[in-house]
Protein chains: 2
Amino acid sequence: MASSTEQKVLEPAAGPAEAEALGFRPLYRQVRDRLIRRLVDGVWSPGEPLPSEIQLAAELGVSQGTVRKALDAMAAENLVVRRQGRGTFVARHDEERIMFQFFKLVGDDGARSFPVSTVLSLSQGRSNARERQALGLSKDARVIRIRRLRSIAGRPAIVEDITLPEAMFPGFAGMEIPNNLYGLYAMHFGITIASTREQLKAVAISEVDAVALGAPAGTPALKIDRLALSLERQPVEWRVSVCLTDQLHYLSELR
Amino acid sequence: MASSTEQKVLEPAAGPAEAEALGFRPLYRQVRDRLIRRLVDGVWSPGEPLPSEIQLAAELGVSQGTVRKALDAMAAENLVVRRQGRGTFVARHDEERIMFQFFKLVGDDGARSFPVSTVLSLSQGRSNARERQALGLSKDARVIRIRRLRSIAGRPAIVEDITLPEAMFPGFAGMEIPNNLYGLYAMHFGITIASTREQLKAVAISEVDAVALGAPAGTPALKIDRLALSLERQPVEWRVSVCLTDQLHYLSELR
DNA sequence: AAGTGGTCTAGACCACTTC
DNA sequence: AAGTGGTCTAGACCACTTC
């Protein structure tokens with residue numbers, strides 16, 4: 001029972017000054033932060049089970065209920081998946097999950113088919129001003145640039161320009177580029193995309209995009225400007241997708 | 001303590017056959033459903049406080065923890081607002097809330113200004129096939145149709161076609177049409193919009209929309225096809241908005 | 001049968017608001 | 001000081017999965 005008058009603290013995770021500035025910080029929050037720390041450090045890999053609630057509670061010196069609250073919060077953030085009778089697992093970035101979590105384009109017939117991708121170009125170099133602004137990079141930072149065409153049901157539908165901070169992806173250039181990039185980030189670089197911020201606009205497609213998509217220049221298209229953030233809320237990827245929406249739409253469900 | 005081997009049930013809310021089909025239905029779920037029932041019945045009005053957790057627990061014959069879990073679920077669904085030290089309140093459909101919850105258009109400078117609206121036309125009549133399909137209406141159902149122009153920062157930006165089932169909005173024709181329709185639905189008709197499903201496409205604006213918006217026909221625009229659902233998940237409003245996105249964008253944040 | 005997460009209770013104490 | 005929701009604990013039992 002919490003019978004002292006002091007707030008229970010797991011460890012001096014934050015410096016004393018910082019702790020004061022933060023004010024009250026519940027135990028389950030501290031547990032969550034520590035478990036996320038471990039996810040970031042790769043203590044458990046995607047798909048692997050975490051220790052059971054009882055084990056974690058014993059190890060951290062808190063009640064099972066507090067661990068449960070921390071894990072429930074992490075499940076709500078899509079960082080872990082809980083399965084009754086089986087355990088709690090580190091979330092995986094496989095196609096199924098990505099499809100529902102971050103890929104919002106749906107066929108007008110309701111079909112959710114994951115697009116097939118063809119890389120059009122891959123390069124590395126000094127970042128320009130817009131790239132630095134989007135990704136929050138410093139002046140001399142270098143970036144990796146990928147341009148690819150994505151087809152849905154055999155039909156070119158999306159051209160994508162992807163920009164990555166080179167420093168976060170050492171050895172990227174020599175790799176095979178898979179269709180599902182977020183899975184690659186997780187598997188080979190230990191980077192988990194935890195959230196995205198998308199800005200949508202309607203545009204007329206440019207000459208160069210028109211060629212790639214096989215549609216007349218000037219055709220209206222949906223431009224999706226996406227910034228993807230890591231678990232630590234650090235910008236990881238900037239992606240601009242130009243989508244033909246004559247046979248598909250962007251689905252947004254709000255509550 | 002739950003020492004019997006039977007599942008605790010609040011009341012025969014669901015018929016026996018239905019209960020079997022549903023399988024296990026936790027107590028807090030039953031509490032939530034009963035409280036939502038009361039919201040639907042207008043037992044408490046938007047902005048009003050609910051009884052305290054302790055009072056509800058005593059009244060319903062469950063523990064405070066179970067009531068808390070039900071109220072937390074309702075807060076996650078944006079049906080109530082919880083304020084430490086003050087109480088739990090029925091969510092209100094005022095501009096601030098709508099702005100963040102359902103209105104996703106943001107100025108490119110980051111400003112979230114709620115648009116000013118001008119009604120272009122208002123009519124009632126027999127529903128057509130598309131309207132019936134969108135709203136799930138029967139063959140002879142009548143609808144109310146509103147067309148309006150919305151301006152942001154003094155600039156025409158959106159033309160909207162709104163369709164409502166006439167049966168759900170008796171006396172609507174004689175009313176003043178406010179800028180915030182969802183507030184009107186809540187206040188005068190006891191209908192709370194609990195969720196929406198939006199489908200976005202890029203289109204070229206039609207001649208008639210071009211006139212309303214003061215832009216050349218063929219200009220690319222964002223078409224938002226929105227279905228709004230009540231607390232009981234019944235379709236309440238079908239709204240098609242055509243938006244000029246040269247100075248604003250649709251913001252979607254995914255986790 | 002054993003182990004996991006899920007539900008439910010009871011009770012203590014805390015943070016915050018209002019009077 | 002009194003009342004509210006928020007946190008935390010301990011413990012019982014349930015639903016579900018695996019062996």
Side-chain angles (χ1 to χ4, degrees), chain A residues 1-10 19-20 22-35 44 47-76 79-91, chain B residues 1-10 19-35 44 48-76 79-91:
Chain A
M1 270 147 267
S3 55
S4 93
T5 189
E6 292 269 307
Q7 196 204 332
K8 183 163 180 178
V9 173
L10 282 182
E20 264 174 58
L22 281 169
F24 177 65
R25 195 149 148 279
L27 243 194
Y28 77 88
R29 239 331 254 206
Q30 299 175 49
V31 171
R32 168 188 165 279
D33 292 348
R34 276 177 64 146
L35 294 178
W44 308 293
E48 271 186 14
L50 274 63
S52 73
E53 295 178 352
I54 289 174
Q55 286 172 311
L56 286 171
E59 186 209 328
L60 297 170
V62 301
S63 76
Q64 186 185 356
T66 297
V67 171
R68 171 183 300 283
K69 211 165 171 182
L71 290 174
D72 283 345
M74 292 167 72
L79 303 179
V80 298
V81 175
R82 313 199 74 190
R83 282 200 267 264
Q84 187 174 12
R86 298 195 50 205
T88 302
F89 303 81
V90 183
Chain B
M1 273 146 265
S3 56
S4 94
T5 190
E6 292 268 305
Q7 195 205 333
K8 184 162 178 179
V9 173
L10 282 182
E20 266 174 56
L22 282 169
F24 177 66
R25 193 149 151 282
L27 242 195
Y28 77 87
R29 233 344 246 198
Q30 298 175 47
V31 171
R32 169 188 166 278
D33 292 348
R34 276 178 62 146
L35 293 178
W44 309 294
E48 271 186 14
L50 273 63
S52 73
E53 294 179 352
I54 290 174
Q55 286 173 312
L56 286 171
E59 186 210 329
L60 297 169
V62 302
S63 76
Q64 186 185 356
T66 297
V67 170
R68 171 182 300 283
K69 212 165 172 181
L71 290 174
D72 282 346
M74 290 167 73
L79 303 180
V80 298
V81 175
R82 314 200 75 189
R83 283 200 267 264
Q84 187 174 12
R86 299 193 51 204
T88 303
F89 302 82
V90 182

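Numbers restart at 1 for each chain; the letters A, B, ... are given by sequence-line order, proteins then strands.
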Kindly indicate, with the supporting measurements, whether the criterion side-chain contact (heavy atoms from CB on, under 4.5 Å) is fulfilled by A/T66 and A/L60. CA-CA 10 Å; A/T66 297; A/L60 297 170; over 6 Å; no

Take A/Q55 and A/L50 through the test side-chain contact (heavy atoms from CB on, under 4.5 Å) and record every step on the way to the result. CA-CA 10 Å; A/Q55 286 172 311; A/L50 274 63; over 6 Å; no

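Counting only distance, with no hydrogens or angles, the side chain of A/Q30 and the backbone of A/R25 share a donor-acceptor pair below 3.5 Å.
When both pairing distances are held under 3.5 Å, C/dC14 makes a Watson-Crick or G-U pair with D/dG5.
Per the geometry, CG belonging to B/L27 stands 16 Å off P belonging to D/dC13, to the nearest Å. Distance A/I54 CD1 to C/dG3 P: 10 Å, rounded to the nearest Å. As rounded to whole Å, 11 Å separates atom P of C/dG6 from atom CZ of A/R83. Across the protein-nucleic acid pair, A/F89 atom CZ and D/dC16 atom C1' stand 13 Å apart, rounded to whole Å. Atom CD of B/E53 is separated from atom P of C/dT9 by 13 Å (rounded to the nearest Å). Distance A/Q64 CD to C/dT7 P: 13 Å, rounded to the nearest Å. Whole-Å rounding puts the B/L71 CG to C/dC8 P distance at 14 Å. Summarising the geometry, the separation between CG on B/L56 and P on D/dG3 is reported as 17 Å, rounded to the nearest angstrom.
Distances were taken from every side-chain heavy atom of B/R82 (C-beta onward) to each of D/dA15, D/dG6, C/dT9; the shortest belongs to D/dG6. Of the candidate nucleotides C/dT9, D/dT9, D/dG6, D/dG6 has the atom nearest to the side chain of B/Q84. Closest to the side chain of A/Q55, from the set D/dG6, D/dA15, C/dT4, is C/dT4. Checking C/dT9, D/dA10, D/dG6 against every side-chain atom of A/S63, the shortest atom distance belongs to D/dA10. Of the candidates D/dT7, D/dG5, C/dC8, D/dT7 carries the atom nearest the A/Y28 side chain, counting heavy atoms from C-beta on.
In terms of phosphate contacts, B/T88 brings a side-chain nitrogen or oxygen within less than 4.0 Å of OP1 or OP2 of D/dG5. Neither OP1 nor OP2 of D/dT7 sits under 4.0 Å from any side-chain N or O of A/T66. Residue A/R86 places at least one side-chain N or O closer than 4.0 Å to OP1 or OP2 of D/dT18.
Considering only heavy atoms from C-beta on, B/E53 stays 4.5 Å or farther from B/L56 through its side chain.
The two residues B/A70 and B/V31 make their nearest non-hydrogen contact at CB-CG1, 3.6 Å.
A donor-acceptor contact under 3.5 Å links the side chain of B/R68 to the base of D/dG6.
Between A/G85 and A/K69, the residue anchored nearer the 5' end of DNA chain D, judged by the nucleotide with its closest heavy atom, is A/K69.
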